[in-house]
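One structure below.
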There are 2 protein chains.
Amino acid sequence: MTEPKIHSPATPEAAKKQPRDGKGNATIYDIAKVAGVNPSTVSRALSKPGRVSAKTQKLIQDAAAELNYQVNPFARALPTGRTNTFGLIVADITNPTFFDIIRGAQTTGTLRDYTLVLAESAESAATELTAARRMMATADGLILASPRMDDDDIRALARDKPVVVINREVEGVPSVIPDVRKGIGEAVRSLAANGHKRIAFVAGPAQSWMSARRWEGFESACEWSRLEAVRVESTKPTVDGGRQVARDVLSTGATAVLAYNDLLAIGLMQELQAGGMAVPDQISIVGFDDIFGADFTTPPLTTVRSPLGECGAGAAARLLDLLQGKGNAEPEGTLQMETELVLRGSSGRLLAAGQR
Amino acid sequence: MTEPKIHSPATPEAAKKQPRDGKGNATIYDIAKVAGVNPSTVSRALSKPGRVSAKTQKLIQDAAAELNYQVNPFARALPTGRTNTFGLIVADITNPTFFDIIRGAQTTGTLRDYTLVLAESAESAATELTAARRMMATADGLILASPRMDDDDIRALARDKPVVVINREVEGVPSVIPDVRKGIGEAVRSLAANGHKRIAFVAGPAQSWMSARRWEGFESACEWSRLEAVRVESTKPTVDGGRQVARDVLSTGATAVLAYNDLLAIGLMQELQAGGMAVPDQISIVGFDDIFGADFTTPPLTTVRSPLGECGAGAAARLLDLLQGKGNAEPEGTLQMETELVLRGSSGRLLAAGQR
DNA sequence: CTGAAAGCGCTTACAG
DNA sequence: CTGAAAGCGCTTACAG
């Protein structure tokens with residue numbers, strides 16, 4: 001009988017890796033050999049400290065350090081099904097609204113030893129769903145920021161693995177949203193205090209969940225302050241959309257306007273100024289979100305700040321709680337983050353013609 | 001003899017997963033059963049089409065579709081060591097300079113069936129190295145955008161797996177950088193054509209590789225156009241840093257200034273305007289990068305556009321070529337992307353006092 | 001072209 | 001507390 005042939009079909013890659021830095025990647029078997037224990041003991045020592053005697057623990061730790069051991073995440077993921085990874089899908093990676101959300105999620109993820117995987121839907125519900133499914137295969141859970149897909153798709157995903165939604169409420173799925181009331185209330189009261197009587201809201205996309213909330217908040221705040229609220233539709237929530245809506249805003253006779261978002265507000269302000277109007281002397285403009293660059297304008301934009309970073313961080317915390325079995329108390333509620341008015345130069349008292 | 005006991009230690013997770021959506025996750029074994037072939041044939045059909053007869057291929061494809069099969073990326077990664085994942089580390093996730101880089105990398109990654117994993121170094125070389133090592137464990141390769149760590153650390157990483165650097169040149173490591181010459185040349189010629197004689201460069205961080213390149217380009221462009229080039233140091237490359245440097249800029253007597261980046265340019269413009277100066281009538285200001293918001297200012301900022309999106313896309317393409325064994329031709333060279341002047345309102349002809 | 005088998009590097013229920 | 005063993009779901013060299 002000859003020696004048994006050892007197949008090592010998966011080894012060509014390993015063979016390529018070996019020479020890379022002289023010592024290749026150590027495995028728990030290498031550690032076991034050095035420490036003189038069984039590989040399963042090494043596994044226990046490394047993955048759940050406390051289940052192993054202090055002495056062996058140290059032996060193993062030292063061996064691991066000596067060999068410069070790094071766990072192989074795939075090998076770990078295969079039997080457990082967990083990857084310590086969570087996904088975040090945003091509608092548009094170049095939209096500043098999402099920057100702080102990304103950072104917030106990233107930061108709390110890293111703090112809790114989770115890695116963030118980011119994808120973008122390019123504002124398409126179909127792309128979003130594809131990306132989500134793809135992520136579901138590898139990530140432990142998912143955060144959807146301002147998702148475009150419909151509630152049923154979101155619920156279907158949530159049936160598979162934990163999902164947290166930002167900027168939207170979906171029945172049965174936990175969510176984190178900015179509570180617009182406080183910020184809008186402050187904005188409207190500030191305008192009222194400056195003598196404005198009729199103020200306009202420039203709405204966002206018709207299907208936007210958030211735009212509807214903001215309009216509601218606006219209406220009720222105006223009612224409360226006894227101001228006349230008028231509504232103007234925009235074509236798209238961008239700087240360009242803001243420019244296009246300027247005529248309509250003017251024709252309402254409103255002396256102050258709250259825009260669905262900062263981009264609209266900035267475009268509107270640019271167009272009005274180009275037409276010779278003075279901001280805020282002739283018209284006050286208030287944005288929404290306090291995105292990066294909101295203070296680049298002249299005058300800098302007054303805006304209702306959305307706590308986007310906190311939303312991202314809150315969503316991540318929520319998701320990780322779910323993954324780690326905490327927070328069973330209120331797994332499906334909505335977490336509300338407070339908004340606040342950031343008073344800058346684009347809003348103020350109306351000046352009579354003679355004062356200008 | 002009793003029935004052999006079957007240990008299934010790794011199954012509690014699977015058991016938890018099963019009920020989730022009624023049918024659990026199908027494996028190649030399930031497909032094999034349905035299609036009536038061996039699992040290894042399924043594997044071949046799914047991972048390298050063409051190695052299997054057309055008939056079996058179809059059989060397998062249909063079974064996979066019917067079972068709604070999704071590969072398990074971890075199971076695939078374990079024997080092959082590949083994950084179809086690449087990492088991108090940026091210094092600051094809220095710095096708009098990186099937005100387009102991220103998007104560019106993301107887009108070409110998705111196109112080539114790779115997933116982007118994003119991390120942030122928070123401007124710290126140490127954090128950056130930690131994040132990089134961590135990513136190296138799971139990703140197939142790495143892109144470093146404006147890395148803060150030193151050349152040796154980068155080379156050490158590159159010894160392990162393919163690495164591509166953006167916005168910096170590191171000997172022995174492939175890189176993608178904007179070629180500043182064309183854009184700066186255009187900017188300086190434009191200023192010269194508008195009658196400026198002495199122009200200032202507001203430098204970025206002393207250790208910044210890019211700032212040094214931009215200053216060099218500025219100097220030689222000025223020499224070519226026979227303009228006097230003066231240099232002003234800034235404390236930090238932010239809007240605030242721009243404000244602080246205004247006095248120094250004024251004291252040089254320059255009538256135009258090119259700033260290391262748009263943030264500095266915007267801060268500088270705000271401070272000068274606040275001091276009563278007219279831009280561009282009394283002083284022209286040109287930024288660098290064309291970040292989001294550069295056109296929010298009044299006047300909108302003239303700037304040298306860096307093709308950041310293309311840099312991200314180019315770096316990703318380069319990395320994936322490396323991973324897929326292409327591009328052996330020039331594995332270590334520098335890929336240069338062209339810059340260009342974006343002429344907006346903040347630069348122009350100097351007006352004599354009487355004309356203002 | 002296809003089957004049978006070994007192996008990737010971990011984790012964990014089962015016995016001591 | 002620790003060892004021996006099975007299993008996670010794939011891939012691929014080896015034989016037909």
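Each chain gets a letter, A, B and so on, in the order the sequences are listed, and its residues count up from 1.
At the phosphate of dT2(D), neither OP1 nor OP2 sits under 4.0 Å from any side-chain N or O atom of N38(A). For Y29(B) and dA4(C), the shortest distance from a side-chain N or O to OP1 or OP2 is not below 4.0 Å. Neither OP1 nor OP2 of dT11(D) sits under 4.0 Å from any side-chain N or O of R44(B). For dT12(C), the OP1/OP2 oxygens have no side-chain nitrogen or oxygen of S43(A) closer than 4.0 Å. Taking 4.0 angstrom as the limit, T41(B) places a side-chain polar atom (N or O) nearer than this to OP1 or OP2 of dG3(C). Side-chain nitrogen and oxygen atoms of N72(B) include none within less than 4.0 Å of the OP1 or OP2 phosphate oxygen of dC10(D).
Between the side chains of R112(A) and Q324(A), at least one donor N or O lies within less than 3.5 Å of an accepting N or O.
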request  = List the steps and the verdict of salt bridge (Lys or Arg N to Asp or Glu O under 4.0 Å) for D152(B) and R155(B).
outcome  = CA-CA 5 Å; D152(B) 284 337; R155(B) 271 190 290 266; 3.0 Å; yes
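Of all nucleotides listed (dC8(C), dT11(C), dT2(C)), dT11(C) comes nearest to the side chain of I28(A). Counting only heavy atoms from C-beta on, S47(B) has its side chain closest to dT11(D) among dC10(D), dT11(D), dG7(D).
In a base pair of the Watson-Crick type (N1 to N3 plus N6-O4 or O6-N4) or a G-U wobble (N1-O2 and O6-N3), with each distance short of 3.5 Å, dA13(C) is matched with no nucleotide. The partner of dA4(D) is absent, by the rule that a Watson-Crick or G-U pair needs both atom distances under 3.5 Å.
By the side-chain hydrogen bond (donor to acceptor under 3.5 Å, both in side chains) test, S43(B) is found to be paired with no residue, residues two or more places apart in sequence or in another chain being considered.
Separating the NZ atom of K58(B) from the P atom of dC1(C) is a distance of 19 Å, rounded to the nearest angstrom. Remark: P of dT2(D) and CG of L59(A) are 10 Å apart, rounded to the nearest angstrom.
To the nearest 0.5 Å, atom CG of residue L118(B) and atom CG of residue L88(A) are 9.5 Å apart.
With the nearest nucleotide of DNA chain D identified for both S40(B) and F74(B), F74(B) has the one nearer the 5' end.
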